[in-house]
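Below: one structure, written as structure tokens.
Side chains are part of it too, since the values below use all heavy atoms of this structure and drop only hydrogens, waters and symmetry mates.
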Amino acid sequence: MDILVILSIVVVVAVVAFLLVRNRRTGQLKSKFGPEYEQTLGRTGHVSRAEAELREREKRVKSFDIRPLAPQQRESFIDYWERIQADFVDDPHGAVTRADALLGDVMSARGYPVADFETRSADLSVDHPHVVQNYRAGHDIAVRHARGEADTEDLRQAMIHYRSLFSDLIDDKAAAGRAH
């Protein structure tokens, strides 16, 4: 009888410990990924699948050599971004296309592989979870415009979305955080 009580207590303690660890891990992922956690959960439909995907992203991105931009690179990217914004008035579609390409160049210079869009946005979500949704929204508008389904106001919104990611990428906080 005593063995049964002890075994029951051990099982209860193990279950409680498991739940505490799982809840702590979930809290950490929610805190780190912010809205990206909910987006991934909504897409996968299950907490364990979403969390496994987010942990896999972290693992993949950890293997990258993410680095700050050299000051000259940073200034060059900023100058080009400002030219793109100025060109928007005369050529909204071209400006959005160049802004998207510039984001790819900045990501590459920072050390992110620039594969297909979905992989790129997933990778960015690890270090830039609060602006990756802007990147997706801007990209979606650019794709809709290519199909003739977006107007100039939509393109203006795409530029606003792209600007938030651009600002975050050239800020170098994520790279600085990795170095410490």
Could you tell me which residues satisfy side chain to side chain donor-acceptor pair (under 3.5 Å) with [X], sequence neighbours excluded, listed by chain and number?
| X | answer |
| --- | --- |
| Lys32 | Glu58 |
| Asp140 | Arg144 |
| Thr97 | none |
| Ser31 | none |

Give me each pair satisfying side-chain hydrogen bond (donor to acceptor under 3.5 Å, both in side chains) with a member in residues 17-26, each pair once, sequence neighbours excluded.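 Applying side-chain hydrogen bond (donor to acceptor under 3.5 Å, both in side chains) to every pair that reaches into residues 17-26, excluding sequence neighbours, yields Thr26-Glu51.
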To which residues is Val21 joined in a hydrophobic cluster, defined by side-chain heavy-atom contacts under 4.5 Å among Ile, Leu, Val, Met, Phe, Trp and Tyr, whether direct or through other members?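 None, because no other hydrophobic side chain comes under 4.5 Å of this residue.
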Which Ile, Leu, Val, Met, Phe, Trp or Tyr residues join Val11 in one cluster when any pair of side-chain heavy atoms under 4.5 Å counts as a link?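 Val11 clusters with Val15, Phe18, Leu19.
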Under a plain distance cut-off of 3.5 Å, with no hydrogens placed, do Asp100 and Tyr162 share a side-chain donor-acceptor pair?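 Yes.
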Do Ser48 and His46 meet the criterion of a side-chain donor-acceptor pair at a distance under 3.5 Å?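 Checked: Ser48/His46 side chains pair up, N/O donor to acceptor below 3.5 Å.
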Go through it in stages, so that I can follow the logic: the residues are Asp168 and His130, the test is side chain to side chain contact (heavy atoms under 4.5 Å, CB included), and I'd like the CA-CA distance, side-chain angles, deciding distance and then a yes or no. CA-CA 10 Å; Asp168 214 46; His130 298 285; over 6 Å; no
According to salt bridge (Lys or Arg N to Asp or Glu O under 4.0 Å), who are the partners of Arg120, at least two apart in sequence or on a separate chain?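 Counting only residues at least two positions away or on another chain, Arg120 forms no salt bridge (Lys or Arg N to Asp or Glu O under 4.0 Å).
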Return the set of residues passing salt bridge (Lys or Arg N to Asp or Glu O under 4.0 Å) with Asp123 (not counting sequence neighbours), or none when no residue passes.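 By the salt bridge (Lys or Arg N to Asp or Glu O under 4.0 Å) rule, Asp123 matches Arg60.
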Over 12 non-hydrogen atoms of neighbours within 6.0 angstrom of CD in Glu149: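 Yes, CD of Glu149 has more than 12 neighbouring heavy atoms, counting only those of other groups under 6.0 Å.
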Which pairs, with at least one residue in residues 76-105 and sequence neighbours excluded, count as a ring pair (Phe, Tyr, Trp, His ring centres under 6.0 Å)?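 For residues 76-105, and leaving out neighbouring residues, the ring pair (Phe, Tyr, Trp, His ring centres under 6.0 Å) pairs sorted by first residue read Trp81-Phe166, His93-His145.
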According to ring-ring contact (aromatic ring centres under 6.0 Å, His included), who are the partners of Tyr135, at least two apart in sequence or on a separate chain?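 Residues passing ring-ring contact (aromatic ring centres under 6.0 Å, His included) with Tyr135: Phe117.
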Charged N-O contact under 4.0 Å between Arg57 and Glu36: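 Judged by the 4.0 Å cut-off on N to carboxylate O distance, Arg57 and Glu36 do form a salt bridge.
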Going by side chain to side chain contact (heavy atoms under 4.5 Å, CB included), name the residues that satisfy it together with Glu118, two or more places apart in sequence or in a different chain.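 Testing Glu118 for side chain to side chain contact (heavy atoms under 4.5 Å, CB included), a comparison that skips the adjacent residues, returns Asp116, Ser121.
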Leu102 vs Val106, test: side chain to side chain contact (heavy atoms under 4.5 Å, CB included). Steps then yes/no. CA-CA 6 Å; Leu102 177 60; Val106 174; 4.2 Å; yes
